[in-house]
Amino acid sequence: MGIRFVLLVNKQGQTRLAQYYEYLTLDERRALEGEIVRKCLARTEHQCSFVEHRNYKVVYRRYASLFFLVGVDNDENELAILEFIHLLVETMDRHFGNVCELDIMFHLEKAHFMLEEMVMNGCIVETNKQNILAPIQLMDKAS
């Protein structure tokens, strides 16, 4: 398994979206999120976007006011995960039109659905934006 978790966090450190691909108790998740968010938000933009924490490698990227953090196995390719983060942002941009924190907050189920279309059981299964958004657009038409 490659991806262990995906977090979207604002500049204040508040988690806006969390998706885990391995079992962790609620207390473990809360502690892990707190530690990782503090570690990543404290870094400057001149530092690299990879951090090792516990038995994870955390790859993160900031877009506007949101930090996209992805926890992966230590043998995972960091640049491929950065590309995955960029694809996720581009997909959300295409659907929401310049995605922001409020889009995630008010359409959390759509953000989770996009992520679920892209990643299954920690493995990236879909990278085509059109294929990712097609079911969401069908749901929008039906409602």
Side-chain angles (χ1 to χ4, degrees), residues 1-140:
M1 182 165 43
I3 297 176
R4 299 296 181 162
F5 58 84
V6 177
L7 301 173
L8 270 64
V9 180
N10 68 8
K11 286 191 284 190
Q12 289 75 37
Q14 299 166 318
T15 303
R16 295 302 179 198
L17 179 144
Q19 180 72 46
Y20 288 85
Y21 300 100
E22 66 179 354
Y23 177 76
L24 293 173
T25 66
L26 200 55
D27 289 335
E28 290 172 330
R29 288 180 182 194
R30 208 174 287 130
L32 179 69
E33 285 178 26
E35 293 165 8
I36 289 174
V37 167
R38 275 192 299 279
K39 191 179 265 192
C40 291
L41 267 61
R43 295 171 63 87
T44 67
E45 61 185 47
H46 301 295
Q47 292 176 299
C48 77
S49 298
F50 317 133
V51 176
E52 289 193 10
H53 182 75
R54 293 189 192 173
N55 57 335
Y56 303 108
K57 190 183 305 179
V58 180
V59 181
Y60 69 94
R61 183 125 187 229
R62 179 180 171 188
Y63 287 91
S65 65
L66 282 174
F67 284 85
F68 290 73
L69 297 90
V70 179
V72 296
D73 295 328
N74 283 319
D75 58 345
E76 195 69 36
N77 183 338
E78 300 94 344
L79 297 177
I81 298 302
L82 273 177
E83 196 62 35
F84 164 74
I85 293 171
H86 189 68
L87 174 68
L88 178 60
V89 171
E90 283 183 336
T91 304
M92 289 181 171
D93 274 347
R94 183 177 285 184
H95 184 72
F96 296 119
N98 202 9
V99 68
C100 67
E101 183 180 350
L102 290 175
D103 291 323
I104 303 299
M105 289 172 57
F106 292 125
H107 304 286
L108 187 61
E109 69 287 344
K110 288 182 183 177
H112 271 287
F113 199 84
M114 285 178 209
L115 202 51
E116 289 167 3
E117 285 290 313
M118 296 172 78
V119 180
M120 184 179 294
N121 199 27
C123 297
I124 298 170
V125 293
E126 184 63 73
T127 58
N128 184 310
K129 291 177 216 141
Q130 219 170 350
N131 291 347
I132 295 164
L133 292 174
I136 296 168
Q137 291 164 345
L138 284 174
M139 287 189 323
D140 287 346

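Applying the salt bridge (charged side-chain N to carboxylate O under 4.0 Å, His left out) rule to Asp140 yields the partners Lys110; only residues at least two apart in sequence or on another chain are considered. The ring-ring contact (aromatic ring centres under 6.0 Å, His included) check on His107 picks up Phe96, with sequence neighbours excluded. Under the rule for a ring-ring contact (aromatic ring centres under 6.0 Å, His included), the partners of Phe68 that lie at least two apart in sequence or sit in another chain are Tyr63.
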Any chance you could lay out the side chain to side chain contact (heavy atoms under 4.5 Å, CB included) test for Ile3 and Ile81, step after step, and finish with the verdict?
CA-CA 9 Å; Ile3 297 176; Ile81 298 302; 4.2 Å; yes

Please step through side chain to side chain contact (heavy atoms under 4.5 Å, CB included) for the pair Val70 and Leu88, ending with a clear verdict.
CA-CA 11 Å; Val70 179; Leu88 178 60; over 6 Å; no

Step by step, work out the side chain to side chain contact (heavy atoms under 4.5 Å, CB included) result for Phe5 and Leu32.
CA-CA 11 Å; Phe5 58 84; Leu32 179 69; 3.8 Å; yes

Pair His95, Ile132 - check side chain to side chain contact (heavy atoms under 4.5 Å, CB included), show working.
CA-CA 10 Å; His95 184 72; Ile132 295 164; over 6 Å; no

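A distance-only check finds no donor-acceptor pair linking the side chain of Arg43 to the backbone of Ser49 [under 3.5 Å]. Side chain of Arg16 to main chain of Leu8: no donor-acceptor pair is present (N/O by atom type, distance under 3.5 Å, no hydrogens or angles). A donor-acceptor pair is defined here as one N or O able to donate and one able to accept, closer than 3.5 Å; no such pair exists between the side chain of Glu33 and the backbone of Arg30.
Atom CE of Met139 has more than 12 heavy atoms from other residues, nucleotides or ligands within 6.0 Å. The environment of Gln130 atom CD is sparse: at most 12 non-hydrogen atoms of other residues, nucleotides or ligands sit within 6.0 angstrom.
Of all heavy-atom pairs between Arg94 and Leu133, the closest is CD-CD1, 3.6 Å. Taking every heavy atom of both residues into account, Ala18 and Thr15 meet most closely at CB-CG2, 4.0 Å. Residues Ser65 and Glu101 come closest through the heavy atom pair OG-OE1, 3.9 Å. Of all non-hydrogen atoms in Cys40 and Leu69, the two that sit nearest each other are SG-CD2, 3.5 Å. Residues Gln19 and His112 come closest through the heavy atom pair OE1-ND1, 3.0 Å. Shortest non-hydrogen contact noted between Ile104 and Leu17 is CG2-CB, 4.3 Å.
Counting only residues at least two apart or in different chains, salt bridge (Lys or Arg N to Asp or Glu O under 4.0 Å) contacts with residues 111-128 are absent. A ring pair (Phe, Tyr, Trp, His ring centres under 6.0 Å) check over residues 25-53, counting only residues at least two apart or in different chains, returns nothing. Within the structure, salt bridge (Lys or Arg N to Asp or Glu O under 4.0 Å) pairs that include any residue of residues 48-69 comprise Glu35-Arg54, Lys57-Glu78 (at least two apart or interchain).
Ring geometry for Tyr60 against Phe67 counts as tilted: the plane angle lies between 30° and 60°, on a 0 to 90° scale.
Of the inter-residue distances, the one linking Leu41 atom CG with Lys11 atom NZ reads 10.0 Å to the nearest 0.5 angstrom. Between the CD1 atom of Ile136 and the CD atom of Glu109 there is a distance of 9.5 Å, given to the nearest 0.5 Å. Note: Glu28 CD to Leu26 CG = 10.0 Å, rounded to the nearest 0.5 Å. Of the inter-residue distances, the one linking Leu7 atom CG with Leu66 atom CG reads 12.0 Å to the nearest 0.5 angstrom.
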